[in-house]
Amino acid sequence: MTTIAYLGPVGTNSETVALAYRKSILNDLSLELRSYPSIAKVMEALAKDRVTWAVVPVENSTAGGVAITLDGLWDFDTLHIQKELVLPICHFLLSSGLSLQGIQKVYSHPQALAQCQKWLETNLPQAEIIPTNSTTEALGHIKGELSAAAIASPRAAQAYDLPILANQIGDYSDNCTRFWVLGRQVSHKGKRISLAFSVAQNVPGALVKPLQILADRRLNLSRIESRPTKRSLGEYIFFLDLEVTQAEDEAQMALQELSQYVEILKIFGRYEVSLI
């Protein structure tokens, strides 16, 4: 059976993206959506061939990259990016409580908490902030608790029949999250290439040469982020996004040349980007 894995339960932003991918891209509403309790479990299910595709968040415009997604993509060699979907994010405060003054605990996913940090500090300075595996998992902690609240989407409020105590509490109005649709087939079509590499030694100039190769080929680097290799303090893996428009041959030659100056090079996929 063809299935799409996502970070659940029902009502998460990941589920919203999975639904959009099923409807708008695949155009097949009969495909099964299967929720998992963590991003790591979502990626593991795809790597072990339990599902056909996986939807995972990779970067938020406010809170930055999602470390567990990047780490998983580096660790699982069989996973490849098929598509990127960009979702505008709305955060609401859900609670059965009657006022903000009575809220003593706020639950949500760490990314959502980070995206509402300033609002929480201003409006709920007395509240204990408690991270959960997903925004909708947080809802299980506030049923019938007048002193507890959760940050989640308006869709989650409707799905779980929970009252909204405060609307649009995100710190920035232009808040979007990039999601990757992962599969096990290599994708070769699209205007963006995502890759990662490690360098053999942490010495001056180790990163300069790989980046210079891309600059010499006039390839636009739209994102770079580092993650520790977990081998030794000070050693990093560098994750990059390249924009490929008219420089088709230049991109291929750059990737071939790049492999000569790095320790390990992994190409995660070439894909298109769409706004939901």
Side-chain angles (χ1 to χ4, degrees), residues 1-60 66 68-90 92 94 108-112 132-141 143 150 152-162 176-190 192 194 268-276:
M1 178 181 292
T2 303
T3 52
I4 306 173
Y6 69 94
L7 173 63
V10 172
T12 61
N13 289 316
S14 293
E15 190 210 21
T16 298
V17 174
L19 288 167
Y21 182 67
R22 183 178 69 174
K23 179 179 179 181
S24 302
I25 309 300
L26 300 178
N27 194 28
D28 188 351
L29 298 181
S30 66
L31 299 183
E32 178 188 351
L33 268 60
R34 190 176 298 172
S35 70
Y36 288 85
S38 69
I39 295 172
K41 291 294 185 183
V42 170
M43 301 181 78
E44 181 185 7
L46 179 61
K48 293 186 175 180
D49 201 17
R50 296 171 184 160
V51 296
T52 314
W53 291 287
V55 170
V56 291
V58 62
E59 183 183 29
N60 176 261
V66 181
I68 191 66
T69 297
L70 299 179
D71 290 348
L73 202 55
W74 179 264
D75 291 338
F76 291 118
D77 290 332
T78 58
L79 305 189
H80 304 280
I81 305 168
Q82 311 295 310
K83 179 79 174 177
E84 178 175 310
L85 298 171
V86 181
L87 176 70
I89 302 296
C90 294
F92 284 30
L94 312 185
S108 198
H109 187 273
Q111 280 278 326
T132 58
N133 285 325
S134 71
T135 52
T136 47
E137 180 188 292
L139 303 182
H141 296 279
K143 281 282 190 179
S153 67
R155 181 170 173 270
Q158 183 178 17
Y160 289 87
D161 192 26
L162 286 167
C176 296
T177 296
R178 301 169 57 202
F179 288 82
W180 281 340
V181 178
L182 305 178
R184 289 183 298 277
Q185 302 298 318
V186 178
S187 174
H188 299 287
K189 296 181 179 180
R192 181 173 292 170
S194 290
F268 298 131
R270 180 169 178 173
Y271 53 92
E272 295 287 358
V273 179
S274 300
L275 179 66
I276 295 178

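The basis for the numbers below is simple: all heavy atoms, side chains too, and nothing from hydrogens, waters or symmetry mates.
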Legend entry - Short side-chain to backbone donor-acceptor contact, S153 and G11, under 3.5 Å: yes
Legend entry - Rounded distance (nearest 0.5 Å) linking atom SG of C176 with atom CD of E59: 11.0 Å
Inset, instruction - Give the C-alpha distance, both sets of side-chain angles, the deciding distance and a yes or no for side chain to side chain contact (heavy atoms under 4.5 Å, CB included) between L73 and L182. - result: CA-CA 9 Å; L73 202 55; L182 305 178; 4.1 Å; yes
Legend entry - Minimum heavy-atom distance between T12 and L7, given as atom pair plus value: OG1-O, 2.6 Å
Inset, instruction - Identify the heavy atoms of P37 and N133 that sit nearest to each other, and give their distance. - result: O-CB, 3.3 Å
Legend entry - Donor-acceptor pair, side chain of T132 and main chain of S108, under 3.5 angstrom: yes
Legend entry - R155 versus L19, closest heavy-atom pair with distance: NH2-CD1, 3.1 Å
Inset, instruction - Provide the full list of salt bridge (charged side-chain N to carboxylate O under 4.0 Å, His left out) pairs with a residue in residues 26-46, sequence neighbours left out, each pair given once. - result: E32-R34, K41-E44, E44-K48
Inset, instruction - Measure the CG-CZ distance between L70 and F268 for me, rounded to the nearest 0.5 Å. - result: 8.0 Å
Legend entry - side chain to side chain contact (heavy atoms under 4.5 Å, CB included) assessment of F179 paired with L87: CA-CA 8 Å; F179 288 82; L87 176 70; 4.0 Å; yes
Legend entry - Candidate list V10, I4, V51, T3, test side-chain contact (heavy atoms from CB on, under 4.5 Å), partner L33, passing option: I4
Inset, instruction - Mind checking side chain to side chain contact (heavy atoms under 4.5 Å, CB included) for T2 and listing every partner two or more places apart, or none if nothing turns up? - result: L31, T52, W53
Legend entry - All side chain to side chain donor-acceptor pair (under 3.5 Å) counterparts of S274, not counting sequence neighbours: K83
Legend entry - Distance (rounded to the nearest 0.5 Å) between H80 NE2 and L46 CG: 9.5 Å
Legend entry - Shortest non-hydrogen separation from P57 to T177 and the atoms involved: CB-CG2, 4.1 Å
Legend entry - Validation row: D49, T78 side chains within 4.5 angstrom (heavy atoms): no
Inset, instruction - Calculate, to the nearest 0.5 Å, the distance between atoms OG and CD belonging to S35 and E137 respectively. - result: 11.0 Å
Legend entry - Considering all heavy atoms, the nearest V55-S14 contact: CG1-O, 3.9 Å
Inset, instruction - Apply side chain to side chain contact (heavy atoms under 4.5 Å, CB included) to V181 and I81, showing your working. - result: CA-CA 6 Å; V181 178; I81 305 168; over 6 Å; no
Legend entry - Euclidean distance, N13 CG relative to I89 CD1, rounded to 0.5 Å: 4.0 Å
Legend entry - Non-hydrogen atoms of T69 and M43 that approach each other most closely: O-CE, 3.5 Å
Legend entry - Those residues that, when tested against I68, pass side chain to side chain contact (heavy atoms under 4.5 Å, CB included) (two or more places apart): I39, A40, V66
Inset, instruction - May I ask you to decide if Q185's main-chain N or O and Q82's side chain share a donor-acceptor pair within less than 3.5 Å? - result: yes
Legend entry - Atom NZ of K143: over 12 foreign heavy atoms under 6.0 Å: yes
Inset, instruction - Examine distances only and state if a side-chain atom of S187 and a backbone atom of G269 form a donor-acceptor pair shorter than 3.5 Å. - result: no
Legend entry - T136: partners by side chain to side chain donor-acceptor pair (under 3.5 Å), with sequence neighbours left out: none
Legend entry - Distance in Å, K23 NZ paired with I276 CD1, rounded so as to fall on 0.5 Å steps: 12.0 Å
Inset, instruction - Can you sort out the partners of E84 under side chain to side chain donor-acceptor pair (under 3.5 Å), two or more places apart, ordered by chain and number? - result: R178, W180, R192
